[in-house]
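Okay, structure first, notes after.
No hydrogens, no waters, no symmetry mates; every other heavy atom, side chains included, goes into these values. As the structure is a prediction and not an experimental result, all values here were calculated from the model.
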Amino acid sequence: MCGIMGYSGYRSAAEVLIKGLHRLEYRGYDSAGISILEDKRLHTIKTCGKVKDLEGIVPSELTGHIGIGHTRWATHGEPSDTNAHPHHDNSGKIALIHNGIIENHSALRRYLAEEGVTFKSETDTEVLVAYIGHLYGQGGVTLSDAVRRALTTVVGTYGIVVMCEDEPDTLVAARLGSPLVLGIGDNEIIVSSDATPIIEYTRNVVYLGDGEMAVIHASSYELVSISDNLPVRASEQQLDMTIEQIEKGGYPHFMFKEIMEQVVTIPDAMRGRVDFSAGKVNLGGIRDWEASLLDSDWIYLTACGTSWHAALIGGYLIEELVGIPVKVEHASEFRYRQSIISDRHTVMAISQSGETADTLAAIRKAHEAGALTMGIVNAVGSSIARETDCGVFIHAGPEIGVASTKAFTSQLTVLFLISLLLAQRAGKSQQEIRAILEELEGIGNKVAEVLALSDAILVLAGEYQACHNFLYLGRGFQYPIALEGALKLKEISYIHAEGYPAAEMKHGPIALIDENMPVVVMAVKDGTFEKVLSNIQEIKARRGKVLAITDARDPELEELADHIIQVPTTHELLLPLITVIPLQLLAYHIAVLRGCPVDQPRNLAKSVTVE
């Protein structure tokens, strides 16, 4: 969620931090701030609003070489200049930025108040820095000692970076449940929530693990365990992203760029994993666990948001192709309810960031129950990638737009591969597997055909942009696509939209349908097509407007629907890869026409690292 930046080196810290905060804007935020250490004093500038607002008030003469920066997404306390980060302790010597939630902040606040500490903000973060300052003020301890001692007392999640006037060449960073990565350059080190602000300066990175703290200087760093202060061996890795991947490249928005990139990212998710001539799938990340997966009594798929919609389709695929029963659950529910999990089960977690708090907690719960855990993530080095027994990366590249598009279709592609691999290992019909793989091999060309419909969909968007409500209907594999289409529309255009199984329309939503209610119907030529036509007739009988997504022209559909978007046909199981794209484009174009901030929709964050 919040964006964290820290810098120690030879450059102007303010310039590096501001540029980095711009890179992190996609994470979602409502205020921004920086602290720079110069002339042995902390200079803190922060404001409610955007990074560009902060940039406009940072003094040009602020040229210190060490500092911290933050974009805040409000949890404790409303968005305001006072609640913005960085926060200071009572002495004003220590500044801290924080992503996460300190759950015992109230008890700590009462204790500190009794000790004479005063507070300016409503935030749990100020309580944490005040506590660190309280410990530091007792004397005889270093900044890193005070930070570590404080963190052994607090309860909650955090990714923090701390600096102090008394130790002008030191940053202290620590994490528990909220990601932090160090970029190791030549005589400079960058700390960030993710790698996007780092790639401009270095490809060498270290991902902090949970319960680890880094003591950072411009030309060196050391990692220690928070619990016992013992050294931790650093594992440096090379970033595989490029600076071009995190820039718009001439597109008006990141979301539009990422929709268009699906012509590449879907094939990329298969690259090196499929021998099309032999009709075989090979996934190195789960090779040693294939037998255990096939031996599972149940497979649980757990995720949040768009990834949950991918999980629904994954569940359909596994049950249909492999024959293992699947349960698909929101991670936020799975982690708390009394689930029946054992060493006879597999739990697959799907997350673009690999840091989604609820999904990570679900994996940890599964581990405790002895289940096999598997991750399907985009971010290499992420918590879910490290904590699961096995997994498959989706290789979608950086996704900057808050509303997920290319990551969703890459997740679907990987779920197809996993299902086909397990099917072939289970001895299922090789002829059927080959038929699906043949269609997968050419899927990029069909994606290109759908993307070419963008201008026509823009015209349709103009007819629907003033609507206040939408209904999306689908059956079978198209039901999760209806859910995803509705989610995209409400995420970025702020139009209320609901996705429903088409057959459930009569059990409530039909009461809403009138001439002002557009209904997007997934009307593909599968075994439920005639049933879907019946649903459309019911909508038209109530004067509803119908926008149909179909893969084949049909005279009755043409007569009933107000508008039709026709996509190329493919194997029924693969159609979700094709039919979701016009829904992404429809949501995008409506949002742009309504003047909405497409890449940074209000109240939303790209990576939800707190509950």
Side-chain angles (χ1 to χ4, degrees), residues 4-14 16-17 20 33-44 62-70 85-99 125 128-152 154 158-176 180-193 197-198 201-202 204-206 208 211-226 229-232 234 236:
I4 282 180
M5 280 293 297
Y7 180 78
S8 179
Y10 58 88
R11 307 175 199 263
S12 164
V16 175
L17 296 175
I34 62 170
S35 285
I36 305 295
L37 192 56
E38 186 169 345
D39 297 328
K40 299 182 180 180
R41 287 187 54 241
L42 282 172
H43 301 263
T44 297
L62 202 58
T63 57
H65 302 304
I66 185 169
I68 56 178
H70 191 264
H85 297 207
H87 287 286
H88 289 253
D89 74 322
N90 264 203
S91 74
K93 291 183 176 183
I94 299 174
L96 176 146
I97 53 177
H98 169 223
N99 187 12
T125 300
L128 176 56
V129 71
Y131 187 44
I132 292 171
H134 175 66
L135 296 173
Y136 186 76
Q138 294 174 4
V141 296
T142 63
L143 176 63
S144 60
D145 291 334
V147 172
R148 194 186 68 80
R149 286 173 57 188
L151 295 180
T152 59
V154 300
Y158 51 81
I160 62 169
V161 188
V162 193
M163 61 191 301
C164 178
E165 288 179 350
D166 294 341
E167 300 184 30
D169 64 343
T170 303
L171 294 177
V172 178
R175 73 156 285 179
L176 182 67
L180 283 181
V181 56
L182 309 183
I184 314 301
D186 294 331
N187 295 314
E188 62 181 344
I189 294 179
I190 305 103
V191 189
S192 183
S193 312
I198 293 174
Y201 306 99
T202 180
N204 300 319
V205 296
V206 173
L208 263 66
E212 293 180 1
M213 185 174 79
V215 183
I216 299 163
H217 309 288
S219 57
S220 66
Y221 67 95
E222 58 178 331
L223 302 184
V224 298
S225 167
I226 293 170
N229 203 30
L230 293 176
V232 174
E236 292 194 15

Shortest non-hydrogen contact between [X] and [Y], atoms and distance:
| X | Y | result |
| --- | --- | --- |
| Val141 | Ala146 | CG2-CB, 4.4 Å |
| Gly67 | Ala13 | N-CB, 3.9 Å |
| Ile4 | His98 | CD1-C, 4.2 Å |
| Ala173 | Leu208 | O-CD2, 4.0 Å |
| Leu223 | Ala214 | CD2-CB, 3.5 Å |
| Ala218 | Ser8 | N-OG, 3.3 Å |

Who are the side chain to side chain contact (heavy atoms under 4.5 Å, CB included) partners of [X], not counting sequence neighbours?
| X | answer |
| --- | --- |
| Asn204 | Ile184, Thr202, Glu236, Gln238 |
| Ala174 | Leu151, Tyr158, Ile160, Met213, Ile226 |
| Ser225 | Ser227, Asp228, Val232 |
| Glu167 | Tyr136, Thr142, Leu143, Thr170 |

From [X] atom [atom1] to [Y] atom [atom2], the distance as rounded to the nearest 0.5 Å:
| X | Y | atom1 | atom2 | result |
| --- | --- | --- | --- | --- |
| Ile36 | Ser12 | CD1 | OG | 7.0 Å |
| Leu176 | Glu212 | CG | CD | 11.0 Å |
| Leu62 | Ile34 | CG | CD1 | 6.0 Å |
| Leu42 | Cys164 | CG | SG | 7.5 Å |
| Ser192 | Leu17 | OG | CG | 10.0 Å |
| Asn99 | His70 | CG | NE2 | 5.5 Å |

message: Apply side-chain contact (heavy atoms from CB on, under 4.5 Å) to residues Ile132 and Asp89 and explain how you reach the verdict.
response: CA-CA 8 Å; Ile132 292 171; Asp89 74 322; over 6 Å; no

Taking salt bridge (charged side-chain N to carboxylate O under 4.0 Å, His left out) as the definition, give me every residue that meets it alongside [X], ordered by chain and number, with sequence neighbours left out.
| X | answer |
| --- | --- |
| Arg175 | Asp210, Glu355 |
| Arg11 | Glu188 |
| Asp166 | Lys93 |

message: I need the single residue from Thr44, Val162, Val161, Ile94 that forms a side chain to side chain contact (heavy atoms under 4.5 Å, CB included) with Pro86. Which is it?
response: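 Among Thr44, Val162, Val161, Ile94, the one meeting side chain to side chain contact (heavy atoms under 4.5 Å, CB included) with Pro86 is Thr44.
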
- prompt: Can you list the residues that meet the side chain to side chain donor-acceptor pair (under 3.5 Å) rule with His43, with sequence neighbours excluded?
  reply: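 With sequence neighbours excluded, His43 shows a side chain to side chain donor-acceptor pair (under 3.5 Å) to no residue whatsoever.
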
message: Please enumerate all residues that pass ring-ring contact (aromatic ring centres under 6.0 Å, His included) together with His134, with sequence neighbours excluded.
response: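 Partners of His134 under the ring-ring contact (aromatic ring centres under 6.0 Å, His included) test: Tyr111.
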
Qualifying residues under ring-ring contact (aromatic ring centres under 6.0 Å, His included), relative to His87, sequence neighbours excluded: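 Per chain and number, His87 pairs via ring-ring contact (aromatic ring centres under 6.0 Å, His included) with His85.
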
Would you call [X] and [Y] a side-chain contact if the rule is heavy atoms closer than 4.5 Å?
| X | Y | result |
| --- | --- | --- |
| Thr125 | Leu96 | yes |
| His88 | Val129 | no |
| Ile216 | Val191 | yes |

Backbone of Pro231 reached by a side-chain donor or acceptor of Glu222 within 3.5 Å: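 Pair absent, no side-chain N/O of Glu222 close to backbone of Pro231.
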
- request: Taking atom CG of Asp169 as the centre, report whether more than 12 heavy atoms of other residues, nucleotides or ligands fall under 6.0 Å from it.
  value: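 Yes, the 6.0 Å shell around CG holds more than 12 heavy atoms from other groups.
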
